[in-house]
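Here it is, the structure in full.
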Amino acid sequence: MPRAALGLAPLDPARLLAEVTRPANGAEALFVGTVREQNTGRPVTGIDYSAYDAMALAELSRIVEAVAAEHGTPDVVCEHRVGTLAVGEASVVVAVGHPRRDGAFAACRAVIEALKARVPIFKQEHYVDGTREWVHNGQR
Amino acid sequence: MTVTVLVFAAYAEALGAPEVSVTVPAGSTIADVLAEVRALPGGTRIPEVPLLARNQRYAALSDPVEAADEIAVIPPVAGG
């Protein structure tokens, strides 16, 4: 079944991949978003992710359910992390199992694009010089 | 009626709190609630037309508000 989650614990992409891997599927697509060491040239030491928790979970659940229905597979899962993350840590994982690769790629991409556009999650980047700044997806 | 409004991230910093209460007449819209929020100290750092939600779904300025509603003013999102 489609599933979404939001939490403080480190993400485990292999667990999500296993969750969508079934004999009915001939393809599994996995997307992992990680904290990059710089943003627009400024060295980053870490990121604080926060969220409007209840709505973020509700919105993300609506997204995975809609993508699952549209692409004809129940195997669509997404987890997003909140809290303080270091460079290299995973902030988001999307896993999709689908009978065909085209569907797996398309559904995986649809989830991450919708998440970035409308799930109420916020981030504050910490820079090497000690400053912090709220950034958002429209800035990239 | 008194309406509780949740604010987040940079908007919470601007208002100095993660939630605020505002008083608007019965029959008000989200636009009326937003106007009261923007009139609070620091409130002008919230744009005139931010992302808005009513009961955890995105909403429009013209949507009606009831006292029990959970209204939220949402900064630009940054998930992913």
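Each chain gets a letter, A, B and so on, in the order its sequence line appears, and its residues count up from 1. Side-chain atoms are counted along with the backbone in the values below, which use heavy atoms only and exclude waters and symmetry mates. Please read all numbers here as calculations on a predicted model, not as lab measurements.
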Inter-residue atom distance H136(A).NE2 - L51(B).CG, 0.5 Å rounding: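 H136(A) NE2 to L51(B) CG: 10.0 Å, rounded to 0.5 Å.
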Nearest-0.5 Å distance that lies between atom CG in L6(B) and atom CG in D53(A):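 Separation between the atoms: 11.0 Å.
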ILVMFWY network linking V35(A) to V135(A), side-chain heavy atoms under 4.5 angstrom: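 They do share one cluster, since a chain of ILVMFWY contacts under 4.5 Å joins V35(A) to V135(A).
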Minimum heavy-atom distance between A78(B) and Y49(A), given as atom pair plus value: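 Residues A78(B) and Y49(A), closest heavy atoms: O-CE2, 3.8 Å.
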Side chain / backbone / both / neither for Y52(A) at chain B, heavy atoms under 4.5 Å: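 Both the backbone and the side chain of Y52(A) come within 4.5 Å of chain B.
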Residues, nucleotides or ligands: over 12 heavy atoms within 6.0 Å of E37(A) CD: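 12 or below, so no.
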Heavy atoms of other groups near R109(A) CZ, more than 12 under 6.0 Å: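 Result for CZ/R109(A): open.
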CZ-CZ distance between R62(A) and R57(B), expressed to the nearest 0.5 angstrom: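 Between R62(A) CZ and R57(B) CZ, I get 4.0 Å after rounding to 0.5 Å.
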Taking every non-hydrogen atom, the tightest pair across G80(B) and H80(A):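 The pair with the smallest heavy-atom distance is N-NE2, 2.9 Å.
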Chain B contact via A51(A) - side chain, backbone, both or neither, heavy atoms under 4.5 Å: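 It is the backbone, since no side chain atom gets that close.
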Atom pair OH (Y58(B)) and CD (E59(A)), whose distance is rounded to the nearest 0.5 Å: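 The OH atom of Y58(B) sits 5.5 Å away from the CD atom of E59(A).
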R42(A) atom CZ, over 12 foreign heavy atoms within 6.0 Å: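 Counting other residues, nucleotides and ligands, CZ of R42(A) exceeds 12 neighbours.
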Separation between CZ of F122(A) and OH of Y11(B), rounded to the nearest 0.5 Å: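 Output value for this atom pair is 9.0 Å.
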Set of side-chain contact (heavy atoms from CB on, under 4.5 Å) partners for T2(B), sequence neighbours left out: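 Checked T2(B) against side-chain contact (heavy atoms from CB on, under 4.5 Å); matches are S21(B), T23(B).
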Contacts with chain B made by residues 83-99 of chain A (heavy-atom distance under 4.5 Å), listed by residue number: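 Heavy-atom contacts from residues 83-99 of chain A to chain B are S91(A), V92(A).
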ILVMFWY network linking V76(A) to F31(A), side-chain heavy atoms under 4.5 angstrom: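 Yes.
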Considering all heavy atoms, the nearest L115(A)-G79(B) contact: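 Looks like CD2-C, 3.6 Å.
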Shortest non-hydrogen separation from V77(B) to K116(A) and the atoms involved: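 Smallest heavy-atom distance, with atoms named: CG2-O, 3.4 Å.
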